[in-house]
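Notes to accompany the following structure.
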Amino acid sequence: MSESLIRLEAAAPFDFWSTLQAHGWVDLLPNEYHPESQSFSRVQQLASGKVVQLNISAEQGDGIIPLNVLVAHEGRLSVKDRSEIENVVCHMLRLDEDFSEFYRLCKKNGMPWSQMKPGNGRLLRSPELFEDMVKVICTTNVQWGGTKRMVRELVEQFGEALPGNPNLKAFPLAQAIADVSFEDFQSRVRLGYRTPYIYQLARDFAQGSNCYAKFSDMQIPTEEVRKELLSVKGIGNYAAASVLMLLGRYDEIPVDSVFQQLMSKKYFDGGNFDLKEALAIYQDWGKWKYLAYWFDLLTFHQTAEDTSNSD
DNA sequence: CCCCTACGCCCAACCAGATT
DNA sequence: AATCTGGTTGGGCGTAGGGG
């Protein structure tokens, strides 16, 4: 194994650490979270088939924030490999996304959003839509521990291993799942009722029918993408909103148990509430509803922690 | 179109009985 | 009495699909 360093730059405002911590994705394999070194790593299978390990960290900076991507690999990295890795990191960390309009709204809307640090707002995502869709389906009808287990089993069973380290694997290619029979897939990964959904999704992606490729085209209206997502078995309102967020479309709020709890505790005095009333709270945020809700949630938990610590 | 309910799955908690 | 094993129950969770 040899190591290569790839340097990238993130334009301010950018906050590496908050991008990783803002939601649970960093805890799902093949992502690995290293709080002690303020970095995260990930085994990644490149288009060439080569499996590498990326170790990503950020330096301090006022304007441009330098990012270091330490790549562990076999043989040599081609120019193509290097540029693919740059794209992967750029996509995961959303380096190309522009949040300035969201920041302006935050300043205007008072607490708690006005206290948001510059660079907040990015939520880690996967290099490929397939991985994000599978992971979102694995968050439905289950608690977080179950999600982690299902993703771990998928990676262990169908991911390509890093050369010389059979324990470190990449996220499965859709093709790797589509290559086995349904019965085989079902027996190797315990996904419950999700088994046929994820199997079908893998086959669709493997076929490259490209009905999903257009989702990243921001010219296409979000509502259209949403309808397409809802037609996928296993994806309902909550999952569609989550996938849309991962696609960089923040129009929809994922109504799940986390949302219900926040609404009840923060806005409805701990009691029951009407869903429409709750959603109306974020109505003014337009295409930034998801982020407005999400940072409402994060700051609510933070202040709850602070008050319990000071007791 | 929206609302409602049943569903399917896993896991934690609980319990009974058996074994040290 | 303490620990282990196997079995059962209840809670948690969005989705699918049917009905209004």
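Chain naming here is simple, since letters A, B, ... match the order of the sequence lines and numbering starts at 1 in each. The shown structure was predicted, so the numbers you read here are calculated from the model rather than taken from an experiment.
- None of A/F300, A/W285, A/W294, A/F295 except one satisfies the ring pair (Phe, Tyr, Trp, His ring centres under 6.0 Å) rule with A/W113; the exception is A/W285.
- Of the possible donor and acceptor atoms, none in the side chain of A/R94 sits under 3.5 Å from a partner among the backbone N and O of A/R122.
- A/N31 contributes a side-chain N or O that, together with a main-chain N or O of A/W25, makes up a donor-acceptor pair within less than 3.5 Å.
- Summarising the geometry, the separation between CG on A/N237 and P on C/dT15 is reported as 7 Å, rounded to the nearest angstrom.
- To the nearest 0.5 Å, the span separating CG on A/N141 from CG on A/D256 amounts to 11.0 Å.
- Contacts between residues 249-257 of chain A and DNA chain C, counted as heavy-atom distances below 4.0 Å, involve A/D256, A/S257.
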### Task
Dump the intermediate steps for salt bridge (charged side-chain N to carboxylate O under 4.0 Å, His left out) on A/K227 and A/E224, then the final yes or no.
CA-CA 5 Å; A/K227 279 190 182 134; A/E224 197 176 312; over 6 Å; no
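- A/Q200 has its CD atom 16 Å from the C1' atom of C/dA16, to the nearest Å.
- A/Y197 comes within contact range of the sugar-phosphate backbone alone, with a heavy-atom separation under 4.0 Å but no base atom that close.
- For the pair A/M133 CE and C/dT15 C1', the computed distance is 15 Å after rounding to whole Å.
- In this structure a side-chain-to-backbone donor-acceptor pair under 3.5 Å is present from A/H23 to A/L124.
- Regarding A/Q261, its CD atom lies at a distance of 16 Å from the P atom of C/dG11, rounded to whole Å.
- When the side-chain nitrogen and oxygen atoms of A/K233 are compared with OP1 and OP2 of C/dG17, one or more of them lie within a distance under 4.0 Å.
- Distance, A/W144 CH2 to C/dG14 C1': 15 Å, rounded to whole Å.
- Between A/H34 and the options A/S41, A/S57, A/S39, a side chain to side chain donor-acceptor pair (under 3.5 Å) holds for only A/S41.
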### Task
Do nucleotides 2-11 of chain B as a string where each nucleotide becomes B, S or -: B if the base has a protein heavy atom under 4.0 Å, S if just the sugar-phosphate does, - if no protein is that close.
-S----BSSS
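- In this structure, A/Y282 and A/Y293 have perpendicular ring planes: the angle between them is above 60°, well past the 30° mark.
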